[in-house]
There are 2 protein chains.
Amino acid sequence: MSADELDPEDRKFLAGYDPEAYERLSVAVDVALVTVIDGRLRALTVKRPEPPYRGWQALPGGFLGVDESPERAAARVLADKTGLEGVYLEQLYTFGEPGRDPRTRVLSIAHYALVPASRLSKAPGPGSQLAELVVSWEGEEGGPAGVVIDRAPRRLAFDHARILGMVVQRLRGKIAYAPVGYELLGDTFTLRELQEVHEAILGRGMSKPAFRRRMLATGDLTATGEMESDVAYRPAELYRFTGRPG
Amino acid sequence: MSADELDPEDRKFLAGYDPEAYERLSVAVDVALVTVIDGRLRALTVKRPEPPYRGWQALPGGFLGVDESPERAAARVLADKTGLEGVYLEQLYTFGEPGRDPRTRVLSIAHYALVPASRLSKAPGPGSQLAELVVSWEGEEGGPAGVVIDRAPRRLAFDHARILGMVVQRLRGKIAYAPVGYELLGDTFTLRELQEVHEAILGRGMSKPAFRRRMLATGDLTATGEMESDVAYRPAELYRFTGRPG
DNA sequence: TTAATAGTGTCTCTGAGACACTATGTG
DNA sequence: CACATAGTGTCTCAGAGACACTATTAA
């Protein structure tokens with residue numbers, strides 16, 4: 001089939017598929033590492049050592065290798081920066097407005113990772129922070145996340161506050177119908193800890209009896225028969241997530 | 001600040017941000033144009049005029065220009081193929097596994113567009129089809145969509161069935177908390193038409209009184225006082241969407 | 001009048017919050 | 001024993017399905 005046999009519509013279609021007609025682009029991955037500490041959502045940020053935005057806090061990121069899937073690249077970036085492996089990781093959104101990076105045109109495939117606070121070393125690496133996320137419910141419309149470091153509001157480099165806003169929005173949307181949140185807890189956990197995670201994600205308190213009923217009714221939880229220890233009051237039973245993982 | 005002042009951790013970080021250390025990639029956009037006809041979800045597919053998958057049905061797509069945002073590129077592809085402008089368009093997911101395109105490494109930023117059936121010409125262009133989407137509720141876990149053309153199941157090129165599966169999954173997730181579906185209807189519509197759209201997306205029937213109550217309770221609808229015409233039975237009142245658009 | 005659909009009133013069921021209560025660990 | 005939290009029983013309320021009914025138009 002030569003091109004002469006095609007009608008104009010199909011010729012236009014073919015042109016649109018010619019890779020040589022379009023320049024190749026730099027593609028990066030950014031990773032929002034999210035955890036819950038003291039009932040609050042937090043995300044890892046790192047200090048940028050070079051322009052643009054030198055000295056600002058930013059999400060860890062890196063460039064996508066030619067033979068690397070976006071998810072693998074995100075996992076590599078995360079492992080390089082934190083040493084964490086086997087973390088729950090999900091693609092979020094691709095940011096590609098020309099001009100979002102002042103240097104050159106860079107496409108960024110944003111991801112988010114969920115990890116229990118217990119797996120994070122107490123002291124983040126040099127220049128790293130665990131920034132608190134403050135997202136009003138209006139953030140549901142896609143607004144940027146407020147970011148608080150050491151009790152002071154901070155601005156993030158690039159459009160990274162917007163990325164964090166979308167992360168929280170995504171978590172809030174998923175938690176309504178999917179077993180989200182277990183990635184933020186250890187292997188076993190109490191129902192109180194699970195409720196704290198839900199409250200941190202949704203940004204509001206919930207009634208204890210209703211929460212217990214709803215969680216146990218999903219059938220995704222199995223009581224281990226063991227109790228938590230190291231508490232100065234009545235220990236709670238430990239549960240394990242045994243449902244279909246999200 | 002020279003690189004010698006940086007500690008090893010930051011040097012690794014810098015290397016990860018060096019654009020020259022990574023090859024640039026071809027980036028495409030694919031668009032799933034979705035509509036509802038006869039109470040069924042349908043998506044536009046076009047026949048591929050060239051290898052790979054020559055002759056197969058595929059989603060319309062094209063390459064991303066260097067100074068073009070992904071959304072703009074998707075709108076351009078859609079306008080080129082269908083002549084439609086001002087359509088509701090949203091980014092879905094970026095597919096980037098090496099090997100998903102047998103020719104070369106191509107990243108594809110998938111989008112979906114929602115358009116009322118009335119805006120689609122009765123006869124799709126040459127090689128175009130309006131394929132019916134069949135997605136079981138298990139598709140919620142992300143499985144591919146079944147695609148039916150002229151009552152026969154069809155396979156789509158590349159991973160496009162998976163893209164359509166994610167589109168339906170996304171619509172089902174959003175419709176639970178956001179005013180989704182009005183983009184699939186005209187400026188005014190009856191509650192019965194709105195219910196048909198919801199039933200098409202969710203893949204199940206719903207009770208009429210409960211649906212009416214729920215929709216009217218959102219406050220997003222305004223009765224126009226006008227009635228539909230051209231029906232052989234009692235005409236229904238026409239409503240207009242006046243809430244915050246999704 | 002018949003047919004077909006629009007639109008509504010009511011009952012019931014389910015799921016969640018509020019509240020109060022009992023249970024069980026530490027000191 | 002006091003105290004703090006775990007865990008539960010019960011009431012109430014809001015939202016949704018089921019069902020039956022009335023309303024309105026065309027033929």
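Scope of the values below: all heavy atoms of this structure, side chains included, with no hydrogens, waters or symmetry mates.
Distance A:F211 CZ to C:dG15 P: 16 Å, rounded to the nearest Å. Going from atom CD of B:E237 over to atom P of D:dT25 covers 12 Å, rounded to whole Å. In this structure, the NZ atom of B:K208 is 15 Å from the P atom of C:dA4, given to the nearest Å. Rounded to whole Å, the distance from CG on B:L216 to P on D:dG15 is 14 Å. Remark: P of D:dA6 and CE of A:M215 are 16 Å apart, rounded to the nearest angstrom. Protein atom CZ of B:R204 is 15 Å distant from nucleotide atom C1' of D:dA18, rounded to whole Å. Rounded to whole Å, the distance from CG on A:L238 to P on C:dT24 is 17 Å. When the C1' atom of C:dG7 is taken as reference, atom OH of B:Y239 falls 9 Å away, rounded to whole Å.
You'll find the side chain of A:Q57 reaches within 4.5 Å of the side chain of A:I149, heavy atoms only. The shortest distance between side-chain heavy atoms of B:Q91 and B:T94 falls below 4.5 Å.
Here the closest heavy-atom approach between residue B:D30 and residue B:L59 is recorded as OD1-O, 4.2 Å.
Partners of B:E228 under the side chain to side chain contact (heavy atoms under 4.5 Å, CB included) rule, at least two apart in sequence or in another chain, are B:T190, B:V231, B:Y233, B:P235, B:A236, B:L238.
The nearest heavy atom of DNA chain C to A:Y233 and to B:L191 marks one nucleotide each, and the one closer to the 5' end goes with B:L191. Nearer the 5' end of DNA chain C, as judged by each residue's closest nucleotide, is the contact made by A:G205, out of A:G205 and A:P235.
Donor-acceptor pairing under 3.5 Å, judged by distance alone, is present between the side chain of A:R213 and the base of D:dT10. Side-chain atoms of A:R234 and base atoms of C:dA23 include a donor and an acceptor less than 3.5 Å apart.
Centroid-to-centroid, the aromatic rings of B:Y93 and B:F95 come within less than 6.0 Å.
Each of C:dA16, D:dA18, D:dA16 was ranked by its minimum atom distance to the side chain of B:S207; first place goes to D:dA18.
Within 4.0 Å of A:R192, counting heavy atoms only, lie sugar-phosphate atoms of the nucleic acid but no base atom. Within 4.0 Å (heavy atoms only), B:R212 reaches at least one base atom of the nucleic acid.
Near DNA chain C, meaning a heavy atom under 4.0 Å away, there are no residues from residues 222-230 of chain A.
Atom CE of B:M166 and atom CG of B:L92 lie 5.0 Å apart (nearest 0.5 Å).
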**Report entry** Criterion salt bridge (Lys or Arg N to Asp or Glu O under 4.0 Å) on B:K174 and B:E183, from CA distance to verdict
**Finding:** CA-CA 13 Å; B:K174 273 196 88 166; B:E183 302 86 358; over 6 Å; no
